[in-house]
A.B. asks: 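First the structure, then my questions, so here it is.
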Amino acid sequence: MVPLHESMDASLVQPESKFVLPKCELPPPSEFGPIESFVSKAVQEQHEQGPDLPPNKSYKALTDAFRLKHDLPLLKKIMLAMRTSQNTVHCLTSISKKHARLIHMIVRFDPFAQSSEEGDGNNKVIDFTLVDAHFNLLVVLVSANSTLLVPTISALWKLVISQEDASVERWYRVHAALATIMFMCPTGKMEMFPIVSSNTPFRKKEESSLRWYYKNCLDVLEYIPSMEGELIALMIDRCLEMDVEIKINDGGEVSIDRDCDDPGIFQLDLEEKPKEILPEDATVDEMADRLDSIMKILFEYIESRCEQDLSNAYKIFNTLLRSFEKSILITHKSKFVQFLILHLCGLESIQMKDDTEASLLYREYASKLIEIVLDPYRAIAIRQCAACYLASFVSRATYVCAETICEAVSALLRWAEAYVATLQSSAVYAVDIRNQCSLHSLFYTVCQSSFYIMCFRGVEALEFHRDALSSSDSPYYEPSRIDISAERWTRLCEHPLQPLRYCLESVRSEFLVISKNFDLISEQVLSQLVAEEKRLASEAGKQRKKRRSTISTPATLEKERQTGGVGGMGHGMNPLDSFFPFDPYLLHRSSKHVEPFYGHWEEPLLPSVSDDDNNEESADREQDKVLEEDSSDSDDESDGDASDNDSLRDHEGDDVRSFEPMSYESNASDMSNKSAESSVFKEPSFDVKRASLHETWANTLKRSRALSIENGSW
């Protein structure tokens with residue numbers, strides 16, 4: 001009969017893998033035979049003994065060898081004897097209750113800690129023959145009884161993560177033992193991910209611990225490739241937890257969101273010294289460094305998988321797309337994790353550059369975003385986020401072709417036109433004009449997204465559109481799919497809903513420049529929009545020059561936020577609570593993976609300016625100068641307590657004033673006079689004031705972020 005150890009070694013023919021568990025060399029028969037017979041006899045006697053009787057002396061000697069660990073060479077021979085004796089393995093695994101203590105000691109045994117001896121200097125020498133004997137014994141026990149599978153995998157995984165930056169031999173042998181167990185017991189592949197997920201380190205642990213853990217997680221995919229989707233989703237969720245803690249406000253200042261901390265409900269140790277609070281800059285740097293390390297690991301893994309086989313890119317893309325819908329899309333403050341999709345689509349576009357008939361991933365991603373925007377069964381907030389993702393992705397990804405840009409903008413315009421067509425005249429304006437933006441929030445977000453794309457990629461899109469219309473024999477496009485003609489923009493911008501009015505200030509200003517230089521909007525409508533933009537800009541200039549109040553109240557703080565923010569309706573406000581998720585990537589070490597595919601803001605190449613345009617611009621500058629002089633004269637009238645009261649009243653007036661719809665039949669002067677008359681408001685009651693101030697203070701604490709096109713950052 002073939003000995004058990006020889007049959008097991010012959011059966012361990014693993015598939016192609018870089019992790020193979022080394023075999024054990026047995027001692028000479030004269031030395032090993034007595035130990036093998038002693039171990040077999042002790043286990044057999046304990047197995048036949050009654051459950052209520054104490055263990056015999058021989059069996060107690062075995063348990064003491066694992067418990068005391070005094071004689072490691074003898075312990076190694078005992079483990080080899082347990083593995084080679086078929087009767088011993090059968091007795092240990094058939095009735096586990098009788099041998100529960102011994103099996104527990106074997107599974108929980110740490111061969112690296114026990115075999116360390118002091119070598120020359122402070123270096124530790126590890127006897128890897130003891131490690132191999134222990135791991136091979138675990139493989140035999142698990143293959144004989146699958147109930148030992150989960151505790152054995154848990155024990156081995158703790159050996160992986162217990163020591164950071166372990167030696168190559170230690171790292172290799174532990175993974176080889178896991179790979180061998182997975183090959184012998186395929187059900188272990190389903191048990192591995194719950195163990196990996198439950199042992200994930202807390203996000204505030206040291207950066208080295210996080211980096212070591214997640215690198216080993218990706219090493220597991222060598223022998224459990226089916227776990228790739230779940231593992232990437234887990235890492236994305238952990239990255240999101242760190243991502244949302246890093247807050248970047250409109251002025252570009254970075255801070256940590258203290259609300260994300262999880263303090264205990266009860267303070268059990270009242271005499272415990274208060275934890276030292278690190279400076280804000282140090283805390284931000286530590287959290288950003290942790291996130292940067294994990295993102296770098298993910299970027300490198302994606303690149304290596306795509307280099308192996310391009311089909312891996314499509315598998316990873318499906319995983320990222322599921323995580324995007326499940327986690328990233330609904331996370332409002334996500335700033336970095338979504339760049340994994342931009343990076344993967346860029347890698348695929350480079351490899352498929354010469355194959356024009358291939359289906360590019362970035363087009364699938366843009367199509368998915370458009371599908372979410374058009375889905376009436378999804379929440380409006382989700383559809384708004386999808387519109388922002390679409391605008392930011394198409395604008396920033398350099399590999400997005402002009403045809404895709406036109407298709408995306410045309411799809412947004414088509415939805416906006418359908419929304420306007422089905423809207424009744426009585427539903428254009430909200431009952432309370434202050435709720436106008438929230439009433440048509442999705443419409444305004446979709447319009448702003450189309451304006452945003454034109455600000456970044458408008459010149460490229462218009463050139464493609466005109467070339468496509470001029471060549472009637474082009475078989476690769478449909479005119480309706482890429483229609484971004486001036487008639488559509490004019491109809492949209494002249495509608496009473498006034499989509500440009502509720503855009504970010506920087507987006508509105510830049511879109512008007514594009515419209516003027518490329519004739520996107522008719523002259524009559526454009527002149528009205530420019531006049532309205534100047535009026536809003538002059539009001540913003542007056543507000544910025546107001547003297548700062550010496551008394552800080554919720555109202556004055558909110559007014560300072562409005563005048564000091566980036567973007568908004570002339571007051572630094574963000575009426576749509578907008579964000580563009582593919583704004584500049586600020587993590588330094590992993591940014592090198594994003595930069596080749598990322599487009600920064602650049603001034604568009606405008607056509608040459610004629611003499612009439614120069615005269616018109618000079619007249620506009622003179623008019624702006626007059627407006628600035630008027631505003632500076634009016635600023636000197638506020639002083640002391642009067643300035644505080646004026647600031648408070650101005651803020652309250654901003655809350656209750658109603659915006660009249662722009663009339664495109666009047667001239668610029670009439671519009672200015674009309675806006676001046678509409679600024680007169682009725683003093684609200686005390687209760688209304690109190691409720692407004694409370695809401696203002698709450699909104700101040702929940703300040704969201706907005707983009708400035710000019711500086712390219714939040």
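Just so you know, these numbers use all the heavy atoms, side chains as well, and skip hydrogens, waters and symmetry mates. Starting from 1, each residue takes its place in the sequence as its number. If you're wondering where the values come from, they're calculated on a predicted model, not measured in any experiment.
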A.B. asks: Starting at CE of Met79, measure out to CG of Asp132 and round the result to the nearest 0.5 Å.
C.D. replies: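 Separation between the atoms: 10.0 Å.
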A.B. asks: Can you say whether the rings of Phe324 and Tyr365 are parallel (under 30°), tilted (30 to 60°) or perpendicular (over 60°)?
C.D. replies: perpendicular
A.B. asks: Show, in sequence, the C-alpha distance, side-chain angles and deciding distance for Ile103 and Leu148, and conclude whether the side chain to side chain contact (heavy atoms under 4.5 Å, CB included) test is met.
C.D. replies: CA-CA 9 Å; Ile103 292 177; Leu148 302 176; 3.8 Å; yes
A.B. asks: To the closest 0.5 Å, what do you measure between CG (Leu347) and CG (Leu310)?
C.D. replies: 10.0 Å
A.B. asks: Take Arg290 and Glu286 through the test salt bridge (charged side-chain N to carboxylate O under 4.0 Å, His left out) and record every step on the way to the result.
C.D. replies: CA-CA 6 Å; Arg290 299 185 189 105; Glu286 291 178 0; 3.6 Å; yes
A.B. asks: Grab the two heavy atoms, one from Leu159 and one from Arg170, that are nearest each other, plus how far apart they are.
C.D. replies: O-NH2, 3.1 Å
A.B. asks: Say whether, by atom type as modelled, one donor and one acceptor occur between the side chain of Asn136 and the main chain of Pro22 under 3.5 angstrom.
C.D. replies: yes
A.B. asks: Search all heavy atoms of Ser349 against all heavy atoms of Leu360 and return the closest pair with its distance.
C.D. replies: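 It is CA-CD2, 4.5 Å.
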A.B. asks: Just wondering, are more than 12 heavy atoms of other shown residues or ligands nearer than 6.0 Å to CD in Gln308?
C.D. replies: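 Yes, CD of Gln308 has more than 12 neighbouring heavy atoms, counting only those of other groups under 6.0 Å.
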A.B. asks: Verify, without hydrogens or angle tests, whether Thr331 (side chain) and Ser327 (backbone) share a donor-acceptor contact under 3.5 angstrom.
C.D. replies: yes
A.B. asks: Please work out whether the ring planes of Tyr585 and Phe299 are parallel, tilted or perpendicular, with thresholds of 30° and 60°.
C.D. replies: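 The rings of Tyr585 and Phe299 stand perpendicular, inter-plane angle above 60°.
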A.B. asks: Does Arg396 pair with Asp583 as a salt bridge, N-O distance under 4.0 Å?
C.D. replies: yes
A.B. asks: How far does CG of Leu92 sit from CE of Met82, to the nearest 0.5 angstrom?
C.D. replies: 6.0 Å
A.B. asks: Less than 4.5 Å apart, side chain to side chain, heavy atoms only: is that true for Cys385 and Phe579?
C.D. replies: yes
A.B. asks: Any side-chain heavy atom of Leu240 sitting closer than 4.5 Å to one from Ser334?
C.D. replies: yes
A.B. asks: Looking at every non-hydrogen atom in both residues, tell me the closest pair between Ile372 and Arg378 and how far apart they are.
C.D. replies: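 Shortest heavy-atom separation between Ile372 and Arg378 comes out as CG2-CD, 3.6 Å.
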A.B. asks: Salt-bridge test for Glu300 and Lys215: reply yes if a basic N is under 4.0 Å from a carboxylate O, no otherwise.
C.D. replies: no
A.B. asks: Could you walk me through whether His70 and Asp64 pass side chain to side chain contact (heavy atoms under 4.5 Å, CB included), step by step?
C.D. replies: CA-CA 9 Å; His70 290 329; Asp64 289 343; over 6 Å; no
A.B. asks: Could you check Cys306 against Leu344 for side chain to side chain contact (heavy atoms under 4.5 Å, CB included), going step by step and ending with a plain yes or no?
C.D. replies: CA-CA 9 Å; Cys306 293; Leu344 176 61; 3.7 Å; yes
A.B. asks: Quick one: do Glu169 and Arg173 make a salt bridge, cutoff under 4.0 Å?
C.D. replies: no
A.B. asks: Any chance you could measure Ile181, atom CD1, to Tyr223, atom OH, to the nearest 0.5 Å?
C.D. replies: 9.5 Å
A.B. asks: Does Phe193 offer a backbone N or O that forms a donor-acceptor pair with the side chain of Ser197 under 3.5 Å?
C.D. replies: no
A.B. asks: For Lys189 and Ser226, test the side chains for any donor-to-acceptor distance below 3.5 angstrom and give the result as yes or no.
C.D. replies: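 Result is no, nothing qualifies.
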A.B. asks: Taking the side chain as every heavy atom from C-beta outward, state whether Leu221 and Leu218 have any pair of such atoms under 4.5 Å apart.
C.D. replies: yes
A.B. asks: Working to the nearest 0.5 angstrom, can you tell me the gap between His343 NE2 and Ile341 CD1?
C.D. replies: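 One gets 13.0 Å once the value is rounded to the nearest 0.5 Å.
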A.B. asks: Would you please test Leu141 and Thr152 for side chain to side chain contact (heavy atoms under 4.5 Å, CB included) and show each step?
C.D. replies: CA-CA 9 Å; Leu141 293 176; Thr152 302; over 6 Å; no
A.B. asks: When you check the gap from the basic side-chain N to the acidic O, do Glu595 and Lys592 get nearer than 4.0 Å?
C.D. replies: no
A.B. asks: What's the shortest heavy-atom distance between Met242 and Ile294, and which atoms?
C.D. replies: CE-CD1, 3.2 Å
A.B. asks: Does the side chain of Ile382 come within less than 4.5 Å of Asp375's, by heavy atoms?
C.D. replies: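 When only atoms from C-beta onward are counted, Ile382 and Asp375 do not touch, as no gap falls below 4.5 Å.
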A.B. asks: Counting distance only, does the side-chain N/O of His134 pair as donor-acceptor with the main-chain N or O of Ile106 below 3.5 Å?
C.D. replies: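 Yes, the answer is positive, given that a donor and an acceptor are paired below the 3.5 Å cut-off.
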A.B. asks: Looking only at side-chain N and O atoms, does Glu348 offer a donor or acceptor that is under 3.5 Å from a partner on Tyr314?
C.D. replies: yes
A.B. asks: Indicate the atoms forming the closest heavy-atom contact of Asn199 with Ile195, along with that distance.
C.D. replies: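 Where Asn199 meets Ile195 most closely, the heavy atoms are ND2-O, 2.7 Å.
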A.B. asks: Give a yes or no on whether the backbone of Val196 and the side-chain of Thr200 come within a donor-acceptor separation of less than 3.5 Å.
C.D. replies: yes
A.B. asks: Can you find a pair of side-chain heavy atoms, one from Met192 and one from Glu230, that are under 4.5 Å apart?
C.D. replies: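 Heavy-atom side-chain distance check fails, nothing below 4.5 Å.
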A.B. asks: Are any non-hydrogen side-chain atoms of His99 and His47 less than 4.5 angstrom apart?
C.D. replies: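 His99 reaches His47 side chain to side chain.
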A.B. asks: Do Lys76 and Thr129 make a side-chain contact, defined as non-hydrogen atoms from C-beta onward lying under 4.5 Å apart?
C.D. replies: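 Touching, per the 4.5 Å side-chain cut-off.
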A.B. asks: Using 30° and 60° as the class limits, which term best fits the ring planes of Tyr362 and Tyr399: parallel, tilted or perpendicular?
C.D. replies: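 Ring orientation of Tyr362 relative to Tyr399: tilted.
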A.B. asks: Is the backbone of Leu321 close enough, under 3.5 Å, to the side chain of Lys368 for a donor and an acceptor to pair up by distance?
C.D. replies: no
A.B. asks: Keeping the roles fixed (side chain from Ser591, backbone from His588), state whether a donor-acceptor pair exists under 3.5 Å.
C.D. replies: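 Yes; at least one donor-acceptor contact below 3.5 Å.
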A.B. asks: Give, for atom CZ of Phe109 and atom CG of Leu137, the distance between the pair rounded to the nearest 0.5 Å.
C.D. replies: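 That separation rounds to 10.5 Å.
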A.B. asks: Between Lys98 and Tyr59, which heavy-atom pair has the shortest distance, and what is it?
C.D. replies: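 The answer is O-OH, 3.9 Å.
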A.B. asks: Under a 3.5 Å threshold, yes or no: a donor from one side chain and an acceptor from the other, between Ser85 and Thr88?
C.D. replies: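 Per modelled atom types, Ser85 and Thr88 side chains form a pair under 3.5 Å.
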A.B. asks: Looking at Ser395 and Ser392, would you say the former's side chain and the latter's main chain have a donor-acceptor pair under 3.5 Å?
C.D. replies: no
A.B. asks: With a 4.5 Å heavy-atom cut-off, do Asp127 and Leu72 have their side chains touching?
C.D. replies: no
A.B. asks: Quickly, which of Thr180, Leu156, Ile153 forms a side chain to side chain contact (heavy atoms under 4.5 Å, CB included) with Leu138? Name it, please.
C.D. replies: Leu156
A.B. asks: Are Phe339 and His593 an aromatic pair, judged by ring center distance below 6.0 Å?
C.D. replies: no
A.B. asks: Any luck finding a side-chain donor-acceptor pair between His175 and Asn216 under 3.5 Å?
C.D. replies: yes
A.B. asks: Distance alone, cut at 3.5 Å: any donor-acceptor contact between the side chains of Glu228 and Tyr301?
C.D. replies: yes
